[in-house]
Amino acid sequence: MKFDRSWIEINLDNFRDNLEQLKQHLDPDVKIMQIVKADAYGHGAYQISKAALDCGISMLGVANIDEGILLRYQGIKAPILILSPAFTEEIIGIIENDLIPSISTPEFAGELNRIARKRSIKVKVHINIDTGIGRSGIELEKGIDFIKQIQTLDYLEIDGIYSHYAASENDKNFTRIQLDRFRNLLKELNFQPKYVHIANSSGILLISDKICNLVRTGLLAYGIYSDQSLKKEIDLKPVMTFKSQISQIKSARKGDSIGYNRTYKAEKDIRYAIVPVGYADGYDYLLSNKGLVLIGDEIYPVIGKVSMDMIAIDIGETDVVKNGDEVVLLGGNREELRAEYVSNLYKGSAYEILCQLGRRAKRFYLEKEKIKSTSPLLRREFVSLDYSDNKLNSIIESAIEQRLQ
């Protein structure tokens with residue numbers, strides 16, 4: 001790993017431990033859907049999916065058809081639900097890759113049924129009911145009529161009905177209102193779908209319900225608290241650690257400026273370190289003059305503006321820090337480097353910083369402190385369908401030439 005300018009370590013043991021902790025808050029017969037959208041919040045959708053399936057989860061959740069197709073291409077066979085609304089142009093891809101779409105409009109449902117009939121195949125769907133989040137989903141007051149309409153479509157199978165909490169981590173009153181709305185809708189059904197789900201990670205901990213048989217685990221499974229109040233409910237371990245190394249040690253005299261636009265001026269003689277990571281790597285520009293890093297056992301501040309490819313670290317007058325020393329930018333065991341803490345430094349979101357970190361970093365997947373696998377740079381798997389025949393032939397020839405030297 002020390003040959004890389006930056007890298008991400010994904011601790012699969014911590015991920016499994018977090019899942020087991022969440023399971024302790026569930027009845028034994030409640031199933032789990034692991035959310036792996038946005039490349040599993042930057043952790044790597046394939047590897048997280050494999051680890052989650054090994055832990056006995058029943059389903060995976062993605063944001064769009066491309067994320068689902070990639071998992072299928074990588075050999076994942078488990079049921080995959082597309083959580084965001086799909087387009088009619090994506091229906092053939094949904095069917096051919098055995099993905100489960102979320103249904104919230106009659107137009108999409110009708111076209112899906114038409115294409116399914118033409119192919120003589122029955123497609124599983126989950127109906128999304130908007131109980132108060134105000135995003136996608138059929139409006140609550142139209143929910144029952146919409147469900148009845150879907151029941152008349154012979155080539156669609158209602159595999160699940162679900163909704164989504166708007167603020168389960170910090171607004172119990174509104175969360176209970178949403179749950180009551182969902183419960184009342186379900187009472188009007190004339191059938192029992194296989195899956196009923198509304199709870200996200202925070203809902204699992206804070207809101208007890210006896211009407212759902214499936215929950216969706218997201219941020220908490222990755223060891224990040226969506227609200228600090230949840231710390232008293234569960235003990236989580238961060239799964240992701242973002243690291244780099246010092247590329248240069250420099251000195252500055254009192255009054256010298258460091259970085260673009262001279263936003264930092266030394267108040268005394270200091271030594272500082274350059275780390276080859278910047279906003280192009282997902283280390284947020286808003287961490288300029290605010291970020292913190294760990295070198296050895298000490299926390300040091302980021303000074304000056306975060307540039308595209310570098311940051312500067314104030315190491316004071318110490319001579320302990322050396323060129324090549326490992327630098328922890330996020331994660332690990334220090335509270336100051338948890339995603340929740342780091343993102344709060346610039347009033348950002350822990351979700352965001354996890355998704356954007358390590359755009360140029362290779363990921364290393366660890367089990368029992370040993371590297372189990374790695375993921376390519378730029379976090380992009382090779383998918384042959386992305387290329388024309390001519391381009392694909394060129395790639396194959398180039399790869400063979402490289403291997404044969």
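Note that the structure is a prediction, hence the values are computed from the model and not measured.
- Results of the side-chain hydrogen bond (donor to acceptor under 3.5 Å, both in side chains) test with Ser226 over Ser201, Ser202, Ser168 single out Ser202 as the only residue that passes.
- Atom CG of Asn184 has more than 12 heavy atoms from other residues, nucleotides or ligands within 6.0 Å.
- Under a 4.0 Å N-O distance rule, the pair Glu326/Lys243 qualifies as a salt bridge.
- Residues Asp281 and Pro276 approach most closely at OD2-O, 4.3 Å, considering heavy atoms.
- A donor-acceptor contact closer than 3.5 angstrom links the side chains of Thr131 and Gln178.
- Checking Glu111 against Thr88 by side-chain atom types alone, no donor-acceptor pair falls below 3.5 Å.
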- request: For Ile82 and Ile100, run side chain to side chain contact (heavy atoms under 4.5 Å, CB included): C-alpha distance rounded to whole Å, both residues' side-chain angles, the deciding distance at 0.1 Å, then the answer.
  value: CA-CA 6 Å; Ile82 301 173; Ile100 304 172; over 6 Å; no
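- Contact record, Val30 with Cys212: CG2-O, 4.1 Å, taken as the closest heavy-atom pair.
- Within the 3.5 Å criterion, the main-chain N or O of Ile274 finds a donor-acceptor partner in the side chain of Ser247.
- Contact record, Val196 with Pro193: CG2-CG, 3.7 Å, taken as the closest heavy-atom pair.
- In the model, Asn213 has no side-chain atom that pairs as donor or acceptor with a side-chain atom of Lys31 under 3.5 Å.
- A side-chain donor-acceptor contact under 3.5 Å links Asn200 to the backbone of Gly203.
- Minimum interatomic distance between Ile313 and Val293 (heavy atoms only, all atoms of both residues): CG2-CG2, 3.7 Å.
- Side-chain N/O atoms of Asp284 and Gln356 include a donor and acceptor closer than 3.5 Å.
- Remark: Ile80 CD1 to Ile94 CD1 distance equals 12.0 Å, nearest 0.5 Å.
- Enclosure of atom NZ in Lys23 by more than 12 non-hydrogen atoms of other residues, nucleotides or ligands within 6.0 angstrom is indicated.
- By the neighbour-count criterion of 12 heavy atoms within 6.0 Å, atom CD of Glu369 is sparsely surrounded, having that number or fewer from other residues, nucleotides or ligands.
- Interatomic distance, CG of Asn128 versus OG1 of Thr105, reported as 11.0 Å (0.5 Å rounding).
- Distance OG/Ser373 to CZ/Phe364: 10.0 Å, rounded to 0.5 Å.
- With Ser163 contributing its side chain and Ile129 its backbone, the two residues share a donor-acceptor pair below 3.5 Å.
- Separation of atoms OG1 (Thr374) and NZ (Lys362) is listed at 5.0 Å; rounding is to 0.5 Å.
- At least one donor-acceptor pair under 3.5 Å links the side chain of Asn393 to the backbone N or O of Asp389.
- The side-chain heavy atoms of Ile76 and Leu60, taken from C-beta on, include a pair separated by under 4.5 Å.
- Summarising the geometry, atom CZ belonging to Arg271 is positioned 4.5 Å from atom CD1 belonging to Ile315; distances are rounded to the nearest 0.5 Å.
- Around atom NZ of Lys265, no more than 12 heavy atoms belonging to other residues, nucleotides or ligands sit under 6.0 Å away.
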field: Check against side chain to side chain contact (heavy atoms under 4.5 Å, CB included), Arg119 and Ile95
entry: CA-CA 9 Å; Arg119 292 179 172 237; Ile95 292 174; 4.2 Å; yes
- request: Decide yes or no on side chain to side chain donor-acceptor pair (under 3.5 Å) for Asn11 and Glu367, but give the supporting numbers first.
  value: CA-CA 6 Å; Asn11 191 315; Glu367 287 185 340; over 6 Å; no
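- Shortest non-hydrogen contact noted between Gly61 and Met33 is N-CG, 3.7 Å.
- For NZ of Lys122, the number of neighbouring non-hydrogen atoms (other residues, nucleotides, ligands) closer than 6.0 Å is greater than 12.
- Across every non-hydrogen atom of Ile144 and Leu185, the tightest pair is CD1-O, 3.4 Å.
- The aromatic rings of Tyr162 and His197 lie parallel to each other, with less than 30° between the two planes, well short of the 60° mark.
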